[in-house]
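Okay, so here's the structure we're looking at.
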Amino acid sequence: MKDVHCALTIAGTDPSGGAGIQADLKTFQELKSYGMSVLTSIVSQNTTGVKDVHHLPETFLKSQLEAVSEDMPIHALKTGMVASKPMMNVISQWLETVDCPYVMDPVMVAQSGDPLMNKEDQRYLQEYLIPKTSLVTPNLPETEVLVGGKVETKEEMKEAAKVIVEELRAGAALVKGGHLNGRAVDMLYDGKNYYEYDSERIDSSNTHGTGCTYSAAITAYLSQGHSLPEAVEEAKCFVTEAIRHSFDLGKGNGPTNHFALREEVLNRWL
């Protein structure tokens, strides 16, 4: 029997299936990692936006984390929505008990541009969680929150990635350029080298859950032993195809297609 590669997501839910825990688990499954999940918040949302949120008690978050890690191997993990300082504190302490790559998708800014964290929670994230990461994957609005300034060019993306690693002490930073015009360029800095990931920009408004899917794909590849640059490269290909073959579902921005790399799906749409 081949080794089973286990990936864990710690995040909120999306009942419409395009983002959050649901997107992460679909991604893990498609990329052949065994998916596990710990819920932080139960979110009432769909393709048009968030309707309501119920945050789980920190004691229950702790119980979930311990239940998984005392029984199952964890070869890589990611966090998505972590809503409060007490939740971050629980996760920060638990991270001391596990030894595997940790990918943070810092869900800090809503698609509308509205902040999802207050200043105090942002500071706590930067001080106690980011230094424990192997990789942080902010989009440009989240990058601007982390570095405290505008990021509008490729050179500014490089400088921001360097700040996140060298000043905020992340293991590495992947600054995603999806909000810029032109080709979709992402910039990875691992503390020594820069890696640029360039792809065509897919003309689609169906991008619900893209950040969750991208970070989950990186986590899946890391769980299988890929190097960080390789994991990002493979994940970039996955999320690009997921957008290319995205679904026109719902009344808002539809979801990406987590089945996009299946041969029968590619043959159907090519």
Side-chain angles (χ1 to χ4, degrees), residues 7-33 35-54 78-82 103-114 116 137-142 174 176-179 184 186 197 199-221 232 234-270:
L8 171 67
T9 172
I10 305 167
T13 66
D14 174 12
S16 71
I21 288 278
Q22 284 86 343
D24 294 343
L25 291 175
K26 289 177 183 179
T27 301
F28 294 162
Q29 185 79 7
E30 287 303 302
L31 298 181
K32 298 180 173 59
S33 284
M36 305 175 291
S37 61
V38 166
L39 271 63
T40 58
S41 302
I42 301 171
V43 186
S44 173
Q45 68 170 314
N46 55 30
T47 62
T48 67
V50 174
K51 312 299 181 184
D52 199 2
V53 181
H54 172 68
K78 65 157 286 190
T79 55
M81 180 180 182
V82 182
V103 177
M104 176 193 286
D105 180 14
V107 183
M108 306 172 73
V109 182
Q111 196 165 19
S112 62
D114 296 324
L116 296 174
T137 65
N139 59 28
L140 290 187
E142 291 159 348
L174 178 68
K176 299 176 296 187
H179 288 76
D186 304 330
Y197 301 89
S199 70
E200 64 180 299
R201 184 174 297 278
I202 309 301
D203 184 18
S204 174
S205 62
N206 296 330
T207 55
H208 180 60
T210 302
C212 304
T213 299
Y214 196 174
S215 58
I218 295 169
T219 306
Y221 286 119
V232 174
E234 294 292 338
K236 175 78 167 177
C237 292
F238 178 77
V239 77
T240 299
E241 293 307 311
I243 296 170
R244 187 191 312 278
H245 303 300
S246 58
F247 295 115
D248 191 19
L249 289 175
K251 298 175 183 177
N253 296 322
T256 60
N257 184 353
H258 298 96
F259 308 139
L261 292 189
R262 293 190 183 188
E263 184 177 357
E264 65 270 23
V265 174
L266 288 173
N267 290 338
R268 186 186 314 155
W269 273 303
L270 287 177

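Counting heavy atoms from C-beta on, the side chains of Pro15 and Gln45 come closer than 4.5 Å. Ile218 places a side-chain heavy atom less than 4.5 Å from the side chain of Leu174. Residues Asn46 and Lys51 are in side-chain contact: their nearest non-hydrogen atoms beyond the backbone lie under 4.5 Å apart. Counting only heavy atoms from C-beta outward, the side chains of Cys212 and Lys78 approach each other to under 4.5 Å.
Remark: side-chain polar atoms of Thr40 are paired, donor with acceptor, to backbone N or O of Ala11 under 3.5 angstrom.
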From CA spacing to verdict: side chain to side chain donor-acceptor pair (under 3.5 Å), Thr137, Ser215: CA-CA 7 Å; Thr137 65; Ser215 58; 4.7 Å; no
Quick one, Ser33 with Leu31, criterion side chain to side chain contact (heavy atoms under 4.5 Å, CB included). Give me CA distance, side-chain angles, the key distance, then yes/no. CA-CA 6 Å; Ser33 284; Leu31 298 181; 5.6 Å; no
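The line from CD1 of Ile243 to OG of Ser199 is 7.5 Å long, rounded to the nearest 0.5 Å. Atom-to-atom distance recorded for Met36:CE and Ile10:CD1 is 9.5 Å, nearest 0.5 angstrom. To the nearest 0.5 Å, atom CG of residue Asn206 and atom CG of residue Leu249 are 8.0 Å apart. For the atom pair OG1 (Thr256) and CZ (Arg244), the distance works out to 13.5 Å, reported to the nearest 0.5 Å. With rounding to the nearest 0.5 Å, the separation of CG in Asp52 from OG in Ser41 is 11.0 Å. The CD atom of Glu241 sits 7.0 Å away from the CD1 atom of Ile202 when rounded to the nearest 0.5 Å.
Among Val38, Thr79, Thr219, the one residue that satisfies the side chain to side chain contact (heavy atoms under 4.5 Å, CB included) test with Leu8 is Val38.
Enclosure of atom CD in Glu234 by more than 12 non-hydrogen atoms of other residues, nucleotides or ligands within 6.0 angstrom is indicated.
Of all heavy-atom pairs spanning Ser16 and His208, the tightest one is OG-NE2, 3.7 Å. Contact detail for Gly18 and Ala23: the closest heavy-atom pair is O-CB, 3.3 Å. Residues Glu142 and Val107 come closest through the heavy atom pair OE2-CA, 3.7 Å. Ser37 approaches Leu25 most closely through the heavy-atom pair OG-CD1, 4.1 Å. Between Lys176 and Asp105, the closest heavy-atom pair is NZ-OD1, 4.2 Å. Pairing each heavy atom of Ala220 with each of Phe28, the nearest pair is CB-CD2, 4.1 Å.
Between Phe238 and His258, the ring-plane angle classifies as tilted under the 30° and 60° cut-offs.
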